[in-house]
Amino acid sequence: MSLYKLEKVNPNSFEHIELLYKLLINKKNNISHKSVPYFEEHISFVRSHPYRYWYLININHKVTGSIYFGKDNSVGINLFEPKVETYKDIIEIIKEKHKPLAPIKSIRNKNFVMNVSIDNKILKEALKE
């Protein structure tokens, strides 16, 4: 039995919005923005349903991160305490539970893709393994 549980992000749950914001401000390697948005901007972003799937990652009933699947087959993983083994476990869950959308030439890859910051050595190591 897996220690991990994926819980769909509820965009109307203030608790979920707060947890996602804490993950965002805790993030050490950013690709998508240079500065942390204001909390009000974050609320609007979460409520806009920007992803195909978006989950909180629970390990032993404790939220330890989030994962999203974009409509372009991109995948993002954000953990409070990044570890190679945790990333590897989450990547396996991704492969088991979800399939990429069909490719669209010049728009969407046939595989899942991840943008990884050059500074994110832990995630790069997990992907390599």
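Start at 1 with the first residue, then count along the sequence. Hydrogens, waters and symmetry mates are skipped; everything else that's a heavy atom, side chains included, is used.
The nearest pair of heavy atoms linking Ser66 to Leu20 is CB-CD2, 3.7 Å. Between His49 and Pro11, the shortest heavy-atom distance links the atoms CE1-CG, 3.1 Å. Minimum heavy-atom separation, His16 to Asn10: ND1-N, 2.9 Å. Of all non-hydrogen atoms in Glu7 and Asn58, the two that sit nearest each other are OE1-ND2, 3.2 Å. Residues Ile57 and Ile90 share a closest heavy-atom pair of CG2-CD1, 3.6 Å.
With a 4.5 Å cut-off on side-chain heavy atoms, Ile17 and Leu19 do not count as touching.
The aromatic rings of Tyr21 and His42 sit tilted, their planes meeting at an angle between 30° and 60°. Between Trp54 and Tyr51, the angle of the ring planes goes over 60°, which puts this pair in the perpendicular group of the 30/60° scheme. Using the six-membered ring where Trp is involved, His98 and Phe69 have ring planes that are tilted, between 30° and 60° apart.
At most 12 non-hydrogen atoms from other residues, nucleotides or ligands lie less than 6.0 angstrom from CD of Glu15. A 6.0 Å sphere centred on CD1 of Ile25 holds more than 12 heavy atoms belonging to other residues, nucleotides or ligands.
A distance-only check finds no donor-acceptor pair linking the side chain of Glu92 to the backbone of Asp89 [under 3.5 Å]. No donor-acceptor distance shorter than 3.5 angstrom exists from the side chain of Arg108 to the backbone of Asp72, with no hydrogens or angles considered. No donor-acceptor pair closer than 3.5 Å links the side chain of Asn73 to the backbone N or O of Pro100.
Cluster membership check: Val113 does not share its hydrophobic cluster with Ile118, using side-chain heavy-atom separations under 4.5 Å among Ile, Leu, Val, Met, Phe, Trp and Tyr. Hydrophobic clustering (side-chain heavy atoms under 4.5 Å, transitive across Ile, Leu, Val, Met, Phe, Trp, Tyr) keeps Val46 apart from Tyr38. In the hydrophobic cluster analysis, where Ile, Leu, Val, Met, Phe, Trp and Tyr join through side-chain heavy atoms closer than 4.5 angstrom, Ile94 is grouped apart from Leu101.
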### Task
Output, in order, the C-alpha distance, side-chain angles, deciding distance and verdict of side chain to side chain contact (heavy atoms under 4.5 Å, CB included) for Ile93 and Ile91.
CA-CA 5 Å; Ile93 290 170; Ile91 291 165; over 6 Å; no
### Task
Dump the intermediate steps for side chain to side chain contact (heavy atoms under 4.5 Å, CB included) on Ile77 and Leu79, then the final yes or no.
CA-CA 7 Å; Ile77 304 171; Leu79 300 173; 4.1 Å; yes
### Message
Run Phe112 and Tyr53 through ring-ring contact (aromatic ring centres under 6.0 Å, His included) and show every step you take.
### Response
CA-CA 13 Å; Phe112 284 130; Tyr53 301 109; 9.1 Å; no
### Query
Can Thr86 and Ile59 be said to form a side chain to side chain contact (heavy atoms under 4.5 Å, CB included), step by step?
CA-CA 10 Å; Thr86 305; Ile59 301 175; 4.2 Å; yes
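Annotation: salt bridge (Lys or Arg N to Asp or Glu O under 4.0 Å) contacts of Glu81 (sequence neighbours excluded): Lys83.
Under the 6.0 Å cut-off for aromatic ring centres, Tyr87 and Tyr4 do not qualify, their centroids lying 6.0 Å or more apart.
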